[in-house]
Amino acid sequence: MGVAYRYYDLRMNIVPLFSDRKEASTIWHDTIHWWLDSTIKIRFVEIDDEYWIIIGSDSQHPESNMSFFKVLQKSENYERFKKGHGGEAYLRLGIYTKKSRKDVKNDALCDCGHAAEDHDEGDGDVCLYNDCNCKTFSSFQVNLLKRKKTITDIVFLEEKDVKEDPLAWNCLYVNKYSKLD
Ligand SMILES: [Zn+2]
Ligand SMILES: [Zn+2]
(Lines give C-alpha, C1' and ligand atoms only; values in the text may rest on other atoms or scores of the structure.)
(Ligands and ions follow the chains in the order given, each with its own letter.)
Protein backbone atom coordinates (compact mmCIF):
# COMPACT_ATOMS: atom_id res chain seq x y z
CA MET A 1 0.00 0.00 0.00
CA GLY A 2 2.82 2.37 0.82
CA VAL A 3 5.77 2.77 3.13
CA ALA A 4 6.05 4.32 6.59
CA TYR A 5 9.28 5.62 8.07
CA ARG A 6 9.49 5.40 11.85
CA TYR A 7 12.21 6.20 14.30
CA TYR A 8 12.02 3.29 16.70
CA ASP A 9 14.46 1.06 18.62
CA LEU A 10 17.34 3.50 18.05
CA ARG A 11 17.23 3.02 14.30
CA MET A 12 15.09 4.28 11.49
CA ASN A 13 12.57 1.70 10.38
CA ILE A 14 11.43 1.21 6.80
CA VAL A 15 7.93 -0.20 7.02
CA PRO A 16 6.19 -1.48 3.89
CA LEU A 17 2.46 -1.31 4.63
CA PHE A 18 -0.17 -3.97 4.02
CA SER A 19 -3.88 -3.82 4.65
CA ASP A 20 -4.04 -7.50 5.42
CA ARG A 21 -2.12 -9.09 8.30
CA LYS A 22 -2.23 -12.54 6.74
CA GLU A 23 -0.74 -11.30 3.49
CA ALA A 24 2.05 -9.51 5.36
CA SER A 25 2.85 -12.60 7.45
CA THR A 26 2.91 -14.81 4.38
CA ILE A 27 5.29 -12.48 2.57
CA TRP A 28 7.54 -12.40 5.61
CA HIS A 29 7.58 -16.17 6.09
CA ASP A 30 7.91 -17.13 2.43
CA THR A 31 10.35 -14.48 1.26
CA ILE A 32 11.91 -11.98 3.65
CA HIS A 33 12.64 -14.56 6.35
CA TRP A 34 15.07 -16.23 3.92
CA TRP A 35 17.03 -13.07 3.22
CA LEU A 36 20.44 -12.72 4.84
CA ASP A 37 20.62 -9.30 6.47
CA SER A 38 23.95 -8.50 4.87
CA THR A 39 22.60 -9.07 1.35
CA ILE A 40 19.43 -6.98 1.61
CA LYS A 41 19.44 -3.96 -0.67
CA ILE A 42 17.18 -0.94 -0.67
CA ARG A 43 17.25 1.45 -3.59
CA PHE A 44 15.47 4.78 -3.83
CA VAL A 45 15.22 6.23 -7.32
CA GLU A 46 13.98 9.80 -7.42
CA ILE A 47 12.05 10.93 -10.48
CA ASP A 48 10.58 14.43 -10.16
CA ASP A 49 8.12 14.51 -7.23
CA GLU A 50 8.04 10.75 -6.95
CA TYR A 51 10.44 8.05 -5.95
CA TRP A 52 10.65 4.33 -6.51
CA ILE A 53 11.47 2.23 -3.49
CA ILE A 54 12.95 -1.13 -4.45
CA ILE A 55 13.74 -3.85 -1.92
CA GLY A 56 15.48 -7.08 -2.78
CA SER A 57 18.04 -9.60 -1.65
CA ASP A 58 19.77 -12.87 -2.30
CA SER A 59 17.82 -15.66 -0.67
CA GLN A 60 18.62 -18.99 0.91
CA HIS A 61 15.58 -20.17 -1.06
CA PRO A 62 16.26 -18.63 -4.47
CA GLU A 63 13.41 -20.50 -6.18
CA SER A 64 10.78 -18.59 -4.20
CA ASN A 65 12.61 -15.28 -3.98
CA MET A 66 10.89 -11.98 -4.81
CA SER A 67 11.76 -8.31 -4.89
CA PHE A 68 9.37 -5.51 -4.01
CA PHE A 69 8.85 -2.06 -5.43
CA LYS A 70 6.41 0.80 -5.15
CA VAL A 71 6.23 4.24 -6.74
CA LEU A 72 5.42 6.82 -4.10
CA GLN A 73 5.05 10.55 -3.70
CA LYS A 74 8.01 12.19 -1.93
CA SER A 75 6.99 13.14 1.60
CA GLU A 76 8.42 14.83 4.68
CA ASN A 77 8.97 11.44 6.29
CA TYR A 78 10.81 10.23 3.24
CA GLU A 79 13.09 13.28 3.26
CA ARG A 80 13.69 12.82 6.99
CA PHE A 81 14.66 9.21 6.42
CA LYS A 82 16.96 10.18 3.56
CA LYS A 83 18.82 12.66 5.77
CA GLY A 84 18.77 10.67 8.99
CA HIS A 85 19.21 6.97 8.31
CA GLY A 86 22.99 7.00 8.85
CA GLY A 87 23.57 3.96 6.66
CA GLU A 88 21.42 1.55 8.64
CA ALA A 89 17.75 0.78 9.04
CA TYR A 90 15.41 -1.94 10.21
CA LEU A 91 13.06 -3.49 7.71
CA ARG A 92 9.77 -4.62 9.20
CA LEU A 93 6.26 -4.93 7.86
CA GLY A 94 3.30 -2.89 9.03
CA ILE A 95 -0.46 -3.31 8.96
CA TYR A 96 -2.32 -0.19 7.95
CA THR A 97 -5.83 0.15 9.31
CA LYS A 98 -8.22 2.94 8.47
CA LYS A 99 -10.24 4.22 11.42
CA SER A 100 -13.60 5.90 11.28
CA ARG A 101 -15.22 8.13 13.93
CA LYS A 102 -16.80 5.25 15.83
CA ASP A 103 -13.47 3.37 16.11
CA VAL A 104 -11.54 6.04 17.96
CA LYS A 105 -11.45 7.97 21.24
CA ASN A 106 -12.56 11.60 21.35
CA ASP A 107 -9.04 12.98 21.32
CA ALA A 108 -7.88 10.99 18.27
CA LEU A 109 -6.73 13.26 15.47
CA CYS A 110 -8.38 13.30 12.08
CA ASP A 111 -6.33 13.61 8.89
CA CYS A 112 -7.61 17.22 8.80
CA GLY A 113 -5.71 17.93 12.03
CA HIS A 114 -8.76 18.30 14.30
CA ALA A 115 -9.82 15.94 17.07
CA ALA A 116 -12.52 13.30 16.68
CA GLU A 117 -14.75 15.14 19.18
CA ASP A 118 -14.76 18.16 16.85
CA HIS A 119 -16.50 16.08 14.22
CA ASP A 120 -20.28 15.83 14.24
CA GLU A 121 -21.22 12.23 14.87
CA GLY A 122 -24.82 12.81 13.85
CA ASP A 123 -24.13 14.42 10.51
CA GLY A 124 -21.81 12.23 8.43
CA ASP A 125 -18.89 13.08 10.73
CA VAL A 126 -18.23 16.52 9.22
CA CYS A 127 -15.59 18.62 10.93
CA LEU A 128 -17.18 21.37 13.02
CA TYR A 129 -14.43 23.93 12.46
CA ASN A 130 -15.85 26.58 10.15
CA ASP A 131 -12.65 27.04 8.23
CA CYS A 132 -12.10 23.31 7.72
CA ASN A 133 -13.54 21.55 4.69
CA CYS A 134 -13.18 18.02 6.08
CA LYS A 135 -16.40 16.12 5.35
CA THR A 136 -15.70 12.80 7.07
CA PHE A 137 -13.54 11.89 10.02
CA SER A 138 -10.72 9.65 8.90
CA SER A 139 -7.60 8.50 10.55
CA PHE A 140 -5.31 5.50 10.45
CA GLN A 141 -3.23 3.29 12.62
CA VAL A 142 -0.06 1.36 11.78
CA ASN A 143 0.79 -1.80 13.68
CA LEU A 144 4.33 -3.03 13.24
CA LEU A 145 5.00 -6.73 13.03
CA LYS A 146 7.71 -7.79 15.47
CA ARG A 147 10.16 -9.49 13.15
CA LYS A 148 12.80 -7.33 11.60
CA LYS A 149 15.89 -7.40 9.45
CA THR A 150 18.81 -5.00 9.57
CA ILE A 151 19.69 -3.31 6.30
CA THR A 152 23.00 -1.63 5.67
CA ASP A 153 22.92 -1.41 1.88
CA ILE A 154 20.84 1.71 1.28
CA VAL A 155 21.40 3.76 -1.84
CA PHE A 156 19.65 6.85 -3.23
CA LEU A 157 19.88 7.15 -7.00
CA GLU A 158 18.92 9.55 -9.69
CA GLU A 159 17.29 8.05 -12.74
CA LYS A 160 20.34 8.72 -14.90
CA ASP A 161 22.39 6.45 -12.63
CA VAL A 162 20.14 3.39 -12.46
CA LYS A 163 22.03 1.54 -15.21
CA GLU A 164 24.94 1.09 -12.82
CA ASP A 165 22.79 -0.60 -10.18
CA PRO A 166 21.53 -4.07 -11.17
CA LEU A 167 18.58 -4.20 -8.72
CA ALA A 168 17.27 -0.73 -9.63
CA TRP A 169 17.94 -1.27 -13.32
CA ASN A 170 16.10 -4.59 -13.47
CA CYS A 171 13.11 -3.11 -11.68
CA LEU A 172 12.84 0.03 -13.79
CA TYR A 173 13.54 -1.88 -16.96
CA VAL A 174 10.78 -4.43 -16.37
CA ASN A 175 8.23 -2.03 -14.89
CA LYS A 176 8.89 1.16 -16.83
CA TYR A 177 11.24 1.17 -19.84
CA SER A 178 10.03 -2.07 -21.43
CA LYS A 179 6.48 -0.69 -21.35
CA LEU A 180 7.34 2.51 -23.20
CA ASP A 181 7.28 2.49 -26.99
ZN1 LIG B 1 -11.55 15.90 9.91
ZN1 LIG C 1 -11.15 19.66 10.56
Side-chain angles (χ1 to χ4, degrees), residues 1-29 31-32 42-55 66-86 88-151 154 156-159 171-172 175-176 179:
M1 292 183 70
V3 176
Y5 301 94
R6 292 284 169 88
Y7 198 68
Y8 196 77
D9 291 351
L10 304 175
R11 278 196 185 92
M12 292 286 234
N13 287 237
I14 297 178
V15 186
L17 298 173
F18 295 82
S19 57
D20 181 41
R21 176 174 288 270
K22 233 177 165 179
E23 186 190 8
S25 303
T26 304
I27 283 175
W28 189 278
H29 285 290
T31 303
I32 300 175
I42 299 220
R43 300 293 177 257
F44 296 92
V45 183
E46 300 194 348
I47 304 175
D48 302 323
D49 289 342
E50 295 179 332
Y51 67 96
W52 291 54
I53 179 171
I54 306 160
I55 306 174
M66 284 199 283
S67 302
F68 302 92
F69 84 97
K70 181 96 182 158
V71 184
L72 296 162
Q73 208 64 32
K74 284 182 188 166
S75 64
E76 256 176 61
N77 285 332
Y78 164 74
E79 300 291 350
R80 194 176 310 144
F81 175 80
K82 185 179 173 184
K83 283 205 193 82
H85 66 81
E88 263 188 354
Y90 285 136
L91 172 66
R92 62 208 314 192
L93 302 184
I95 313 303
Y96 178 101
T97 320
K98 248 194 162 346
K99 299 272 177 191
S100 62
R101 177 68 185 90
K102 61 180 189 324
D103 302 326
V104 299
K105 295 198 180 127
N106 284 337
D107 60 352
L109 280 187
C110 176
D111 296 338
C112 74
H114 300 125
E117 62 192 342
D118 297 326
H119 291 71
D120 184 354
E121 268 180 280
D123 188 18
D125 302 345
V126 294
C127 182
L128 298 172
Y129 279 81
N130 282 334
D131 56 352
C132 184
N133 54 18
C134 166
K135 297 274 183 279
T136 319
F137 177 88
S138 89
S139 153
F140 66 88
Q141 187 185 329
V142 172
N143 289 97
L144 301 186
L145 300 188
K146 284 222 172 59
R147 289 156 168 271
K148 61 186 180 232
K149 296 271 178 176
T150 307
I151 315 164
I154 303 168
F156 291 81
L157 294 162
E158 289 181 54
E159 192 176 11
C171 181
L172 268 82
N175 298 295
K176 184 176 181 191
K179 292 178 179 165

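Just follow the structure's listing: the first ligand is 1, and inside any ligand the first atom is 1.
- The angle that C112 SG and C134 SG make at the Zn ion (ligand 1), rounded to 10°, works out to 120°.
- A distance of 9.5 Å separates CG in L157 from CG in L172, rounded to the nearest 0.5 Å.
- Within 6.0 Å of the CG atom in N133, the count of heavy atoms belonging to other residues, nucleotides or ligands does not exceed 12.
- Inclusion of C132 in the first shell of the Zn ion (ligand 1) is not supported: no N, O or S atom falls under 2.8 Å.
- Not one N, O or S atom of C127 sits under 2.8 Å from the Zn ion (ligand 1).
- K83 and E79 are not joined by a salt bridge, as no carboxylate oxygen comes within less than 4.0 angstrom of a charged side-chain nitrogen.
- The atom of H114 nearest to the Zn ion (ligand 2) is ND1, with the search restricted to N, O or S atoms.
- The shortest side-chain heavy-atom distance between K82 and F156 falls under the 4.5 Å cut-off.
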